[in-house]
Amino acid sequence: MTSLPAAYVERIRQQLGDETDAFLRSYDSPRTYGLRMNPLKSANAPEALPALLSTLQTEFRIKPVPWCPEGYYYEESARPGKHPFHQAGLIYIQEPSAMIAAELLDPQPGELVLDLAAAPGGKTTQIAGKLAGRGLLVANEIHAGRARILAENVERMGIRNAIVTNAAPDELSSRWPEAFDRIMLDAPCSGEGMFRKDAGAVTEWSPEAVDACSARQRSILPDAARMLKPGGRLVYSTCTFNREENEETVSWFLKEFPEFVLLKEERMWPHRIEGEGHYAAVLEKRAIGDANGVGDRTILAHQAQHAKHVQPETSRTKPSARPAKGRRGDASAGPQAALGLYLEFAKEALPGFKLPPEGEPLLFGEALYWLPVPPGSPLTSRSLAGLRTPRPGLHLGDVLKGRFEPGHALALAVGAGEAARSFDFAPDSPQIAAYLRGESLPAPDPAAKGWGLLTTAGLPLGWFKASDGQLKNRLPKGLRIP
Ligand code: SAM
């Protein structure tokens with residue numbers, strides 16, 4: 001590893017005192033590797049769960065992460081990211097200590113949740129697992145390229161009830177004041193806790209970088225405060241060790257926003273636990289009428305004083321009213337007509353799958369989405385106008401010249417048992433390797449005709465279209481593994 005900056009070691013010595021040597025020795029031991037099992041997938045295939053777990057145990061030699069029920073350590077040599085289970089969205093690779101933040105957020109099915117700095121999606125996908133398809137998750141990322149990766153991960157994990165936005169925090173807070181039951185702010189930070197994992201973080205570190213990060217965190221937090229409902233919970237987390245970006249930022253926040261109380265702080269130190277470095281603070285916004293709280297009007301007036309413009313790390317993304325994909329499609333069919341085509345498709349190919357009952361169809365160019373809006377929610381399609389939204393809900397498919405073509409996101413969001421036809425092959429079979437390369441396969445049932453799901457261990461990998469004894473491969477080109 002690149003050697004540690006002297007100023008960093010000195011700061012750690014002041015912070016940790018007698019524990020410093022034990023902490024510094026942790027740099028001599030290997031970094032930890034973690035993955036999370038996706039409960040949305042196991043809920044779609046409960047009968048397959050014991051077999052899936054035992055496969056993970058033998059293939060990746062997993063062992064449980066104590067603070068996260070779905071979290072497991074795996075051995076470096078196991079390479080789970082290359083396994084078909086990864087492409088099927090059964091697993092998400094995430095540093096074990098980072099799993100603590102969503103556990104502390106503790107989202108409940110049916111709630112409205114915001115992940116304000118969400119890419120690449122570790123916490124978003126963990127939160128979505130806890131929402132179990134009920135309620136709505138807004139996953140936001142300020143940088144366009146990272147927002148696209150976030151959207152891909154939301155899709156791979158089969159999340160039905162998430163919107164992915166690409167906005168600066170103040171663009172969201174002006175639209176959705178007091179809208180969310182829970183907010184995760186996993187802030188951009190100096191990354192001291194990642195030094196073992198990412199040598200680049202060491203070379204970018206300097207006392208000035210710590211100051212800049214802490215200023216950026218303090219510019220984002222007021223927007224998070226504004227968007228939380230009274231009585232709601234905010235988790236502020238970083239993957240850095242210094243007090244300036246952690247406890248001191250939280251003390252500053254509590255002074256600026258006295259309607260908040262600190263419920264808990266957690267620190268993950270690599271010499272105390274098996275994991276890298278992480279910090280999380282659990283903050284609660286006092287409810288209206290709370291004996292110790294302040295009135296709602298006072299809260300809003302106070303937050304209005306903090307409304308300001310936030311600068312991202314680099315260039316600021318320009319809001320746009322244009323559809324996220326920017327493609328020109330068959331806009332002649334409105335959303336209801338497009339939904340009609342989807343429903344015809346679903347009746348034939350997905351008879352067991354029902355869209356969440358409350359929601360709205362959205363047509364962006366040729367792409368049809370289902371935005372699952374909980375009753376009375378401020379997160380309507382109108383509230384998304386003018387916002388860059390790479391995923392305004394579940395992508396059901398595309399309407400091309402009056403025909404409906406199902407989207408890859410839909411294949412990953414449904415269970416094999418919900419489809420009229422599916423063919424399953426073992427993860428290590430030549431058929432799965434061929435499918436992932438983008439090849440067509442001979443149909444196990446030569447009479448099969450129409451859209452169906454190719455699955456492994458019961459988990460959908462993507463669509464095929466069967467005809468003439470062949471399963472025509474419909475895996476998106478960008479996801480094929482040569
Ligand atoms: N929560 C993510 C996860 O679990 O995968 C990791 C988030 S990462 C620690 C912080 C994110 O904040 C980055 O994706 C970065 O692009 C974003 N960011 C940078 N500047 C920002 C700003 N001014 N406002 C909001 N987000 C910002």
Side-chain angles (χ1 to χ4, degrees), residues 34-36 68 70-71 92-105 107 113-130 137-154 156-157 159 162 164-174 182-195 197-198 200-201 204 209 212-227 234-241 245-246 249 268 275-280 308-317 319 387-388 390:
L35 61 83
R36 259 185 311 98
C68 175
E70 285 88 30
Y92 187 96
I93 292 172
Q94 186 180 25
E95 193 286 300
S97 293
M99 297 173 191
I100 190 72
E103 292 302 318
L104 293 171
L105 188 68
V113 182
L114 169 67
D115 188 356
L116 188 51
K123 278 139 198 129
T124 278
T125 54
Q126 195 175 355
I127 292 166
K130 291 180 185 298
L137 170 62
V138 177
N140 179 64
E141 167 58 42
I142 196 166
H143 290 296
R146 289 175 64 80
R148 274 194 295 280
I149 295 167
L150 171 66
E152 280 165 22
N153 281 327
V154 164
R156 181 172 63 82
M157 301 301 272
I159 300 167
V164 177
T165 56
N166 169 211
D170 63 338
E171 290 177 70
L172 301 185
S173 67
S174 56
R182 301 189 195 234
I183 297 180
M184 168 68 69
L185 173 54
D186 186 30
C189 71
S190 60
E192 293 165 355
M194 293 296 121
F195 283 1
K197 190 180 153 191
D198 173 11
E204 279 166 28
C213 286
S214 132
R216 190 179 301 121
Q217 290 145 4
R218 290 169 199 212
S219 76
I220 303 170
L221 272 163
D223 291 306
R226 188 170 182 210
M227 284 187 274
L234 165 66
V235 168
Y236 169 78
S237 72
T238 73
C239 60
T240 210
F241 295 122
E245 293 178 66
N246 295 322
T249 290
M268 311 298 270
E276 307 307 300
H278 223 79
Y279 166 88
K308 45 82 211 85
H309 290 279
V310 181
Q311 289 306 316
E313 277 165 331
T314 56
S315 66
R316 174 142 171 199
T317 47
L387 203 63
R388 290 179 71 93

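Indexing begins at 1, ligand by ligand and atom by atom, following the structure's order.
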For [X], which part has a heavy atom under 4.0 Å from ligand 1: side chain, backbone, both, or neither?
{"X": "Asp186", "value": "both"}
{"X": "Lys123", "value": "both"}
{"X": "Arg216", "value": "side chain"}
{"X": "Met184", "value": "neither"}

Please confirm whether [X] comes within less than 3.5 Å of ligand 1 when only nitrogen or oxygen atoms on both sides are compared.
{"X": "Ala187", "answer": "no"}
{"X": "Gly121", "answer": "yes"}
{"X": "Ile142", "answer": "no"}

Subject >> Pick from Leu150, Asp223, Leu172, Ile220: the one approaching atom 24 (N) of ligand 1 most closely through a non-hydrogen atom >> reply: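 Going through Leu150, Asp223, Leu172, Ile220 one by one, Ile220 has the nearest heavy atom to atom 24 (N) of ligand 1.
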Original post:
Counting heavy atoms only, which of Glu141, Met194, Gln217 comes nearest to atom 15 (C) of ligand 1?
Top reply: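 Going through Glu141, Met194, Gln217 one by one, Glu141 has the nearest heavy atom to atom 15 (C) of ligand 1.
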Where is the tightest heavy-atom contact between [X] and [Y], given as atom of each residue plus distance?
{"X": "Ser237", "Y": "Lys123", "answer": "OG-CE, 4.4 Å"}
{"X": "Lys130", "Y": "Ala102", "answer": "CE-O, 3.9 Å"}
{"X": "Tyr92", "Y": "Met157", "answer": "CB-CE, 3.4 Å"}

Enumerate the atoms of ligand 1 whose separation from the nearest heavy atom of [X] is less than 4.0 angstrom.
{"X": "Pro120", "answer": "5 (O)"}
{"X": "Gly122", "answer": "3 (C), 4 (O), 5 (O)"}
{"X": "Pro169", "answer": "24 (N), 25 (C)"}
{"X": "Ala117", "answer": "1 (N), 2 (C), 7 (C), 11 (C), 12 (O), 26 (N)"}

Subject >> Pairing residues for Ala118 by the side chain to side chain contact (heavy atoms under 4.5 Å, CB included) criterion, not counting sequence neighbours >> reply: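 So Ala118 forms a side chain to side chain contact (heavy atoms under 4.5 Å, CB included) with Asp115, Thr124, Ala139, Leu150.
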Residue pair [X] / [Y], side-chain heavy-atom distance below 4.5 Å:
{"X": "Arg388", "Y": "Thr165", "value": "no"}
{"X": "Val138", "Y": "Leu116", "value": "no"}
{"X": "Cys239", "Y": "Glu276", "value": "no"}
{"X": "Ile220", "Y": "Pro188", "value": "yes"}

**OP:** Spell out, as yes or no, whether a donor-acceptor pair under 3.5 Å connects the side chain of Glu141 to the backbone of Ala119.
**Re:**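 A pair under 3.5 Å: yes.
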**OP:** Give a yes/no on ligand 1: does Ala118 have at least one heavy atom closer than 4.0 angstrom to it?
**Re:** yes
